[in-house]
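Atom set for the values below is all heavy atoms of this structure, side chains included, hydrogens, waters and symmetry mates excluded. Order of the sequence lines sets the chain letters (A, B, ...), proteins ahead of strands, with each chain counted from 1.
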2 protein chains.
Amino acid sequence: MATAVYRGRKRVAAPDPGDRGLAYGHGLFETVLVHAHQAVWWPAHWSRLARGAAALGIGMPQREWLEAELGPLLSSAPDNAVLKLILTRGAGGRGYAADPAIEPTLVLSVHAEPPRSNGPLALRWCETRMAIQPALAGLKHLNRLEQVLARAEWRDPAIQEGLMLDTEGRVACATAANVFARIGERWLTPPVDRRGVAGVARAWVLANTPDAAEAELSPADVESAEALFLCNAVRGILPVGCLGARSWAPHPALEDLRRRLGRDEPAFAPGR
Amino acid sequence: MATAVYRGRKRVAAPDPGDRGLAYGHGLFETVLVHAHQAVWWPAHWSRLARGAAALGIGMPQREWLEAELGPLLSSAPDNAVLKLILTRGAGGRGYAADPAIEPTLVLSVHAEPPRSNGPLALRWCETRMAIQPALAGLKHLNRLEQVLARAEWRDPAIQEGLMLDTEGRVACATAANVFARIGERWLTPPVDRRGVAGVARAWVLANTPDAAEAELSPADVESAEALFLCNAVRGILPVGCLGARSWAPHPALEDLRRRLGRDEPAFAPGR
């Protein structure tokens with residue numbers, strides 16, 4: 001695993017113990033699929049990072065500089081890998097008010113691609129709920145204890161993911177993916193303006209699928225859906241085979257969507 | 001500022017870039033007043049840390065070992081200082097499921113005591129709300145973006161703190177302190193089972209003041225209170241002089257409470 005840590009543009013050995021990313025989660029991250037030494041959906045990741053940085057008062061790195069720094073990391077990465085990027089408000093001071101003088105911290109690391117699952121996913125419902133917080137919803141920030149607690153609810157390796165409700169009882173997302181349900185000839189996914197993350201793969205589906213839309217979903221909506229899939233920027237579109245006792249057969253609209261994603265972005269071609 | 005970082009019991013140079021405290025805020029902190037080289041209210045801080053560690057699946061350091069490590073840090077600290085302790089789930093892996101094999105990270109740092117304010121505090125109402133999240137309420141965890149955003153709402157140095165409402169419109173706390181309001185001959189403070197932090201100073205007040213109790217408070221309750229104070233473990237009990245346009249004169253019950261705190265814990269003696 002290759003890792004590079006920067007304070008501003010200066011390469012440093014490690015994060016500072018007083019980094020605001022560690023102290024308060026005052027930062028953002030992006031998890032990017034690397035295929036054939038290229039960062040897949042990089043413009044979308046960059047845009048989301050910029051939106052989050054504006055919301056959290058963090059200066060963005062200069063794009064050309066960052067891309068030049070990424071070059072050697074990507075060219076030495078395996079054919080299929082994952083780039084993780086963390087951007088924090090930086091190190092200095094103690095207390096919630098950030099010192100305007102401190103520079104952001106950037107952590108770049110390249111990891112092996114996680115094992116690809118064979119066939120449709122097995123899901124469970126999580127008991128941990130996501131809080132309603134419009135000020136942070138949509139952002140891929142570093143305050144992820146809800147997902148950590150939800151993921152700690154099961155150890156059964158036969159279960160790949162868990163669906164989370166929000167504290168008002170509506171479906172929010174999976175711990176590390178967005179969710180779409182096939183209901184009435186449409187692909188519906190919960191809005192992310194009050195909780196959840198505005199996923200890059202989710203955005204691709206909404207932009208490239210005429211019958212996809214945002215809608216609030218109840219657990220009953222999900223369980224009675226014709227088909228269900230999860231998506232994220234590392235794994236693409238993942239059909240769900242079962243959720244607790246409910247199971248689904250492959251659905252032609254879902255197979256079609258996966259083929260279209262694979263044509264648009266070969267890194268996600270089914271069977272790669 | 002003296003700092004020591006440990007992986008398990010092993011002293012290391014710095015936090016790992018893959019630490020789960022940085023990646024997800026998977027950790028806890030304590031901010032402890034150091035007076036005459038002693039950690040004030042240490043047993044209460046230790047107990048709260050242990051409660052949080054159990055909730056977040058983090059192993060606690062062995063107490064005698066930790067106290068032995070603290071010894072040199074405290075004895076070389078200024079007469080009045082602040083000890084910050086961060087405990088995280090440790091470094092390793094990528095993804096919300098923690099690798100059971102990794103050891104917790106501990107960061108100990110000693111800081112100068114913040115400047116003591118002269119006289120009563122000036123407060124404002126914050127626009128940033130605290131989310132309702134019973135799974136995390138009460139814990140002093142590392143997911144503190146709500147406080148960061150609330151504290152970033154003002155720069156006027158004449159305003160020392162901000163009061164936050166929760167997303168349901170009830171009073172929650174200040175950005176870095178609990179709040180008590182004098183209403184009907186009692187000191188009332190919001191419960192911390194759905195949001196907020198179970199402050200160590202707050203617990204002292206509730207345990208040592210017969211007329212103190214938990215109660216939900218509306219903004220109107222606070223503004224019409226006879227007196228108001230904030231409290232935390234570094235500053236003790238801080239009378240509030242004004243909140244927006246509302247102002248308060250010194251209140252005898254509040255002066256009495258501060259004297260009693262100073263007798264119980266000399267580090268908080270008024271006028272020290």
Side-chain angles (χ1 to χ4, degrees), chain A residues 1 3-5 12-27 29 31 55-57 82 84 86 88-89 93-98 105 107-109 111 114 127-136 139 141-152 155 167 175-176 195, chain B residues 1 3-5 12-27 29 31 55-57 82 84 86 88-89 94-98 105 107-109 111 114 127-136 139 141-152 155 167 175-176 194-195:
Chain A
M1 188 189 91
T3 302
V5 184
V12 295
D16 189 282
D19 197 280
R20 293 175 61 84
L22 175 61
Y24 308 128
H26 190 183
F29 69 114
T31 307
L56 301 187
V82 174
K84 181 159 181 174
I86 296 176
T88 85
R89 183 59 191 85
R94 194 191 58 75
Y96 293 123
T105 299
V107 180
L108 306 175
S109 57
H111 307 255
E127 289 177 21
T128 306
R129 302 287 183 102
M130 300 198 77
I132 303 295
Q133 178 46 280
L136 296 171
L139 308 183
H141 58 67
L142 298 176
N143 280 198
R144 292 296 161 203
L145 274 173
E146 291 171 340
Q147 283 89 341
V148 167
L149 291 180
R151 184 59 190 81
R155 292 189 188 184
T167 50
T175 68
R195 42 38 184 162
Chain B
M1 188 189 90
T3 302
V5 184
V12 294
D16 189 282
D19 197 281
R20 293 174 62 83
L22 175 61
Y24 308 128
H26 191 182
F29 70 112
T31 306
L56 300 187
V82 174
K84 182 159 180 173
I86 297 176
T88 86
R89 183 60 191 86
R94 193 189 59 74
Y96 293 124
T105 299
V107 180
L108 306 176
S109 56
H111 307 254
E127 289 176 23
T128 306
R129 301 286 182 104
M130 300 198 77
I132 302 294
Q133 179 46 280
L136 297 171
L139 309 182
H141 56 69
L142 298 175
N143 280 197
R144 293 293 160 205
L145 274 173
E146 291 171 339
Q147 283 89 341
V148 167
L149 291 181
R151 184 59 189 84
R155 293 189 186 183
T167 50
T175 69
R194 304 210 311 143
R195 44 36 185 164

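For the residue pair A:Val107 and B:Pro17, the shortest heavy atom distance occurs at CG1-CB, 3.8 Å. Between A:Pro15 and B:Leu22, the closest heavy-atom pair is CG-CD2, 4.2 Å. Residues A:Leu56 and B:Leu149 share a closest heavy-atom pair of CD2-CD2, 4.0 Å.
The backbone N or O of B:Gly95 sits nowhere less than 3.5 Å from a side-chain atom of A:Gln147 that would complete a donor-acceptor pair.
Contact of B:Arg144 with chain A is made through backbone and side chain together, with heavy-atom distances under 4.5 Å. For B:Leu142, the parts lying under 4.5 angstrom from a heavy atom of chain A are both the backbone and the side chain. Of the atoms belonging to A:Thr88, it is side-chain heavy atoms, and not backbone ones, that fall under 4.5 Å from chain B.
A:Asn143 places none of its side-chain heavy atoms less than 4.5 Å from the side chain of B:His141.
Most heavy-atom pairs under 4.5 Å with chain B, from the set A:Ala23, A:Ser109, A:Ala135, A:Ala55: that is A:Ala23. Of the residues considered (A:Arg155, A:Glu146, A:Arg195), A:Glu146 shows the highest number of contacts with chain B, using heavy-atom pairs under 4.5 Å. Considering only heavy-atom pairs separated by less than 4.5 Å from chain B, the leading option among A:Thr128, A:Thr175, A:Val5 is A:Thr175. Comparing A:Gly25, A:Gly57, A:Gly27 by how many heavy-atom pairs each has under 4.5 Å with chain B, the most go to A:Gly25.
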Walk me through it: do B:Arg20 and A:Val148 pass the test side-chain contact (heavy atoms from CB on, under 4.5 Å)?
CA-CA 10 Å; B:Arg20 293 174 62 83; A:Val148 167; 3.7 Å; yes
